[in-house]
Number of protein chains: 2
Amino acid sequence: MVAMSQRSAPAKPSATLKDVAKLAGVSTAVVSYVVNGGPKNVSPLSEAKVREAIRMLGYRPNAAARALRSGSAEMLGIVVPDITNPFFASLAHAVEEAAAARGYALTIANSGHSLAVERRLVENLASRRVDGVFLCSIVAEPDLRDLESAEIPAVLLSYTGEESDHCSVGVGLEDGGRLAVEHLIGHGHGDIGLIMGSLVGGVLDGRETGWRAALEDAGLRPGPIMRIPFTREGGYQAGEWFLNATSRPSAVFVSSDLQAVGFLRALHDSGVQVPSDLAVVSFDGSKEAEYSIPRLTTVAQPVEEMALAAVEALLGNGGPQHSRTFPVTLIRRASCGCVSER
Amino acid sequence: MVAMSQRSAPAKPSATLKDVAKLAGVSTAVVSYVVNGGPKNVSPLSEAKVREAIRMLGYRPNAAARALRSGSAEMLGIVVPDITNPFFASLAHAVEEAAAARGYALTIANSGHSLAVERRLVENLASRRVDGVFLCSIVAEPDLRDLESAEIPAVLLSYTGEESDHCSVGVGLEDGGRLAVEHLIGHGHGDIGLIMGSLVGGVLDGRETGWRAALEDAGLRPGPIMRIPFTREGGYQAGEWFLNATSRPSAVFVSSDLQAVGFLRALHDSGVQVPSDLAVVSFDGSKEAEYSIPRLTTVAQPVEEMALAAVEALLGNGGPQHSRTFPVTLIRRASCGCVSER
DNA sequence: TTCGCGAATCTAATCGTATAGATTTGCTCT
DNA sequence: AGAGCAAATCTATACGATTAGATTCGCGAA
């Protein structure tokens, strides 16, 4: 059975409120009241006529006009460095769900780890007059003036910087670093390296601080550090570098699951056994870590809760929002030696 | 150094065209001409005054008003089943880049594999009067009436159905299935199973058709089939099932990299060696496949090209758009036996 | 019968931008 | 000098929805 026609509707170029009003034999005001459960009420008879007309015409309110008139587009925006990174994908997803639960749509945009692009995207969201912006910035002190001048609230999400006075939602990165390192120390490791994602602007990441602090507290010297991008490729390179190094630590803390996957790959390529030859703990708690070989012990971020909190901070009618830092938890699996494979 | 003030601007609630015009001492029309490189030209003097005024006021055009007036929001929308799936994440990312290159923003929305949600999202995009929609539908014949009645062009992306008359961009799924199976046959396998993602509405996926056709052409009987969700968990379950089965095929074709990763995990857990005990070829060509252990031989989709073509189909001024099917390519790695690990 | 009152409805202004058409300005050419 | 003309600018309307304030209607009370 071949389709008969490309388009069934006779190309009515979108009905407007006025069209509906005319067909229903009422004024545009009444239609608006019906559509919005408006500020005034309408008789059951009118309501019925209006609903019928809406159905007949396939009327759908024009969001642009509505946004113009009422100043709100019922839309939020999020800017992430890279949606291709599973952590940001799940974060964005969680935020979308939380926003949808409150009737807001979400625009997701990628900065591609470029500050210039990040700025452009924020500016774009500002000109769209979204009702709020979640910014996973690649710098510690992003420029929020575009948003401020448009009076658009923003929350810094998955925030690295510590000393911002702006509303933010993040995790205890330093605690995470400590947790990972203390766990490795508990396994008897004394030489613990760090594979750290490279940040722009030379900010100091809490994970690094935590790693260093935990070692110091235990009276151990910091092991080797490698700085590489937040990608699988980066992790792989780190692995190659570690293997060629003269002295190799007995354990490493890796700043993201994504990097850890690449790292494990490199170790596997040269026959280094994890965790017996080299123990690994990573960071994020993403799905990737659950299926790698061996399974990764990882410091998990409570993504859903963070998303909920971020949306609440943006939309909540509460006054000046404070920053929230969520606790991380250690998920023990095979890569540190807690659980055997298989 | 503690920040002195929360907001530096004295809460000017967004300058409008009129404000700029007043400050620059010209009419709103001139300002508009300057901002848009408008349909008429302005003197260098006026232009300079306007630009200065814009700078002083931090003026930024109101996208809602612009959209209302000109009927276009310079925005596209994409609906994917799950942004958390790396394939859709990279597809969405590629589409975003292609759209950005033409000055369009992109809204990404997740249907969560629910048809009801998918419909709601499409309706939402329709009411926002986006300039076009990319739909990765979970069904073969999605309902596009909302878009048609609003005269919003749509392209079916990563399209499974074969017989739609609607503009679509996809890959040769059947060719992909054949390619994978023929390759396995070339390795000497005679009993080849299939792990297929479950689609709603009982549509027949081209990958399955291709798998069956290739076996038939070679005079082989189809091996066991398992239908499981498009997730790592699904792949893992499939693995467990295969291992408990009485007779095990010597090779399998898996319908996505994501599932294959889970599958490999299950095999590893029970000590089955890949590819010696069981060869695997999967589908998508995502990054995941490059870092799994062993590395996955996979049928790759040309994501960037598809994204480019989809944007072109939506925005291109060419007349009635035809559907495009892109060829897939086989990436040979270790899981089929082509390349040894390490 | 007439007044008052509330409910239902309508009229019209508004949001910020874009642009067609009217108007002004400054020149050149005879 | 005056006509003619193009460039620059301005005026005013439309886009579609919302909603305050005006208007209409019907009905009960005096």
Side-chain angles (χ1 to χ4, degrees), chain A residues 12-50 53-54 57-75 126-131 149-152, chain B residues 12-50 53-54 57-75 126-131 149-152:
Chain A
K12 290 248 187 63
S14 281
T16 70
L17 251 202
K18 211 183 289 184
D19 300 328
V20 175
K22 196 180 302 173
L23 180 59
V26 299
S27 75
T28 60
V30 171
V31 179
S32 175
Y33 297 152
V34 170
V35 171
N36 305 330
K40 305 194 181 172
N41 37 14
V42 310
S43 69
L45 175 62
S46 294
E47 167 150 4
K49 286 191 296 183
V50 169
I54 287 177
L57 295 173
Y59 168 75
R60 193 177 312 293
N62 181 318
R66 189 180 281 216
L68 174 57
R69 175 62 220 234
S70 49
S72 158
E74 301 284 280
M75 171 139 104
S127 81
R128 298 201 122 84
R129 302 292 195 277
V130 294
D131 300 299
S149 70
E151 297 195 301
I152 296 174
Chain B
K12 289 248 189 60
S14 282
T16 72
L17 254 201
K18 212 183 287 185
D19 300 329
V20 175
K22 196 181 301 174
L23 181 59
V26 297
S27 74
T28 60
V30 172
V31 179
S32 175
Y33 297 152
V34 170
V35 170
N36 305 328
K40 305 194 181 172
N41 37 15
V42 311
S43 69
L45 175 62
S46 293
E47 166 151 5
K49 286 191 295 184
V50 168
I54 287 177
L57 295 173
Y59 168 75
R60 193 177 315 292
N62 181 319
R66 188 182 285 219
L68 174 58
R69 176 60 221 238
S70 49
S72 157
E74 302 283 279
M75 172 139 105
S127 80
R128 298 201 122 84
R129 302 291 195 278
V130 293
D131 300 299
S149 70
E151 297 196 302
I152 296 174

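Below, all heavy atoms of this structure are taken into account, side chains as well, without hydrogens, waters or symmetry copies. Just so it is clear, the model here is predicted, and its values are computed rather than measured.
Taking the screw axis at each terminus of the helix from C:dT1-D:dA30 to C:dT30-D:dA1 from five consecutive base pairs, the angle between the two is 60° to within rounding of 10 degrees.
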Pull out every protein N or O sitting under 3.5 Å from an N or O of nucleotides 13-15 of chain D, one pair per line with the distance.
| unit_1 | atom_1 | unit_2 | atom_2 | d |
| --- | --- | --- | --- | --- |
| D:dA14 | N3 | B:R69 | NH1 | 3.1 |

Between the protein and nucleotides 5-8 of chain C, are there any N/O to N/O pairs under 3.5 Å, and if so, what are the atom names and distances?
| unit_1 | atom_1 | unit_2 | atom_2 | d |
| --- | --- | --- | --- | --- |
| C:dA8 | OP2 | A:N41 | OD1 | 3.4 |

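The residue among B:A63 and B:K40 whose nearest nucleotide of DNA chain C is located toward the 5' end is B:A63.
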Which pairs would a plain distance check flag for residues 22-34 of chain B, meaning a side-chain donor or acceptor within less than 3.5 Å of a matching protein atom at least two apart in sequence or in another chain?
| unit_1 | atom_1 | unit_2 | atom_2 | d |
| --- | --- | --- | --- | --- |
| B:S27 | OG | B:A29 | N | 3.4 |
| B:S32 | OG | B:N36 | ND2 | 3.4 |

Donor-acceptor list for residues 68-75 of chain A side chains, cut-off 3.5 Å, not counting sequence neighbours:
| unit_1 | atom_1 | unit_2 | atom_2 | d |
| --- | --- | --- | --- | --- |
| A:S70 | OG | A:R66 | O | 2.4 |
| A:S72 | OG | A:E74 | N | 3.2 |
| A:S72 | OG | A:E74 | OE2 | 3.3 |
| A:S72 | OG | A:D131 | OD1 | 3.0 |
| A:S72 | OG | A:D131 | OD2 | 3.1 |

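For the OP1/OP2 pair of C:dT17 and a distance below 4.0 Å, the side-chain nitrogens and oxygens of B:Y59 include at least one atom meeting the criterion. Taking 4.0 angstrom as the limit, A:S32 places a side-chain polar atom (N or O) nearer than this to OP1 or OP2 of D:dT18.
With C:dG21, D:dT19, D:dT18 as the candidates, the nucleotide lying closest to the side chain of B:Y33 is C:dG21.
Applying the salt bridge (charged side-chain N to carboxylate O under 4.0 Å, His left out) test to pairs two or more places apart or on separate chains, those with a residue in residues 28-50 of chain B are B:E47-B:R51.
Nucleic acid contact for B:V31: none, since no nucleic acid atom lies under 4.0 Å from a heavy atom of the residue.
In this structure, A:K22 atom NZ and D:dG16 atom P are separated by 12 Å, rounded to whole Å.
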